[in-house]
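Residues take their numbers from the sequence shown, with the count starting at 1. Bear in mind the structure is a predicted one, so any value in this text is a computation, not a measurement.
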Amino acid sequence: MFDDRSPIYRQIADQIKDDVLRGVLAEDQQVMSTNQYAAYYRINPATAAKAFQQLADEGVLYKRRGVGMFVSAGAQRRLRDLRRERFFGEVLEPMIAESRTLGIPVADIVARIHQLTSPGDGR
């Protein structure tokens, strides 16, 4: 599950965010405890706790005292909005800049997107 590209706590946080985005974790659903997470993935409990704290700081998770951590209301929507903005800024805008440099008309890009996303294209 973990790679060497970023700290493990960040990878845990990203995985939980992905689960929230995909609906695997729903609003107000309890997530594994830091100790359960640490045991399951064989990591230091402090690493899992750091990921959970980051998610709480970002408003993705909230703590119910004595019960555990839960997915915050509206977390999926907020995460989707943030990812959309990041997609436009990090993917789409540089792509448009490169297409201008290469002289590719926007209509050609749109046509290719439709081609790649149309049903029956075998993808």
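Under a 3.5 Å cut-off, the side chain of Glu27 and the backbone N or O of Gly74 do form a donor-acceptor pair. Without hydrogens or angle criteria, Gln30 side chain to Phe70 main chain gives no donor-acceptor distance under 3.5 Å. A donor-acceptor pair is defined here as one N or O able to donate and one able to accept, closer than 3.5 Å; such a pair exists between the side chain of Arg78 and the backbone of Gly59. Here the side chain of Gln76 pairs no donor or acceptor atom with the backbone of Ala26 at under 3.5 angstrom. In this structure a side-chain-to-backbone donor-acceptor pair under 3.5 Å is missing from Arg10 to Pro7. Formation of a donor-acceptor pair under 3.5 Å by the Ser72 side chain with backbone atoms of Ala75 is not found in this model.
Closest non-hydrogen pair, Ala48 versus Ala38, comes out as CB-N, 4.5 Å. Of all non-hydrogen atoms in Pro94 and Phe88, the two that sit nearest each other are CD-O, 4.4 Å. Scanning both residues, Ala13 and Gln54, for their nearest heavy atoms gives CB-NE2, 4.0 Å. Across all their heavy atoms, Thr34 and Pro45 have their closest contact at CB-O, 4.3 Å. Closest approach of Tyr37 to Met32, counting heavy atoms only: CD1-CE, 3.3 Å. Summarising the geometry of Ile12 relative to Phe52, their closest heavy-atom pair is CG2-CE1, 4.4 Å, with the distance given to 0.1 Å.
The shortest side-chain heavy-atom distance between Leu61 and Val71 falls under the 4.5 Å cut-off. Residues Ile109 and Met95 meet the side-chain proximity criterion, which asks for heavy atoms closer than 4.5 Å. Between Asp18 and Arg83, the closest side-chain pair of non-hydrogen atoms falls below 4.5 Å. By the 4.5 Å heavy-atom criterion applied to side chains, Gln53 and Lys50 are not counted as neighbours. When side chains are defined from C-beta on, Arg84 does not count as touching Leu92, because their heavy atoms never get closer than 4.5 Å.
The CD atom of Gln11 sits 12.5 Å away from the CD1 atom of Ile16 when rounded to the nearest 0.5 Å. Here the CZ-CG distance, from Arg112 to Leu116, works out to 6.5 Å after rounding to the nearest 0.5 Å. Once rounded to the nearest 0.5 Å, the distance linking CG of Leu55 with CG of Asp14 reads 8.5 Å.
Hydrophobic clustering of Ile, Leu, Val, Met, Phe, Trp and Tyr side chains at less than 4.5 Å, counting indirect connections, keeps Val24 apart from Val60. Hydrophobic clustering (ILVMFWY, side-chain heavy atoms < 4.5 Å, transitive): Ile113 and Leu102 are in one cluster. If you chain together hydrophobic residues whose side chains sit under 4.5 Å apart, Ile104 and Ile96 fall into the same group. Note on Val31: it does not cluster hydrophobically with Val67, by side-chain heavy-atom contacts below 4.5 Å among ILVMFWY residues.
Within a 6.0 Å radius of CZ in Arg22, more than 12 heavy atoms belonging to other residues, nucleotides or ligands are found. Within a 6.0 Å radius of OH in Tyr40, other residues, nucleotides and ligands contribute 12 heavy atoms or fewer. Taking a 6.0 Å sphere around CZ of Arg64, one finds it holds more than 12 heavy atoms contributed by other residues, nucleotides or ligands.
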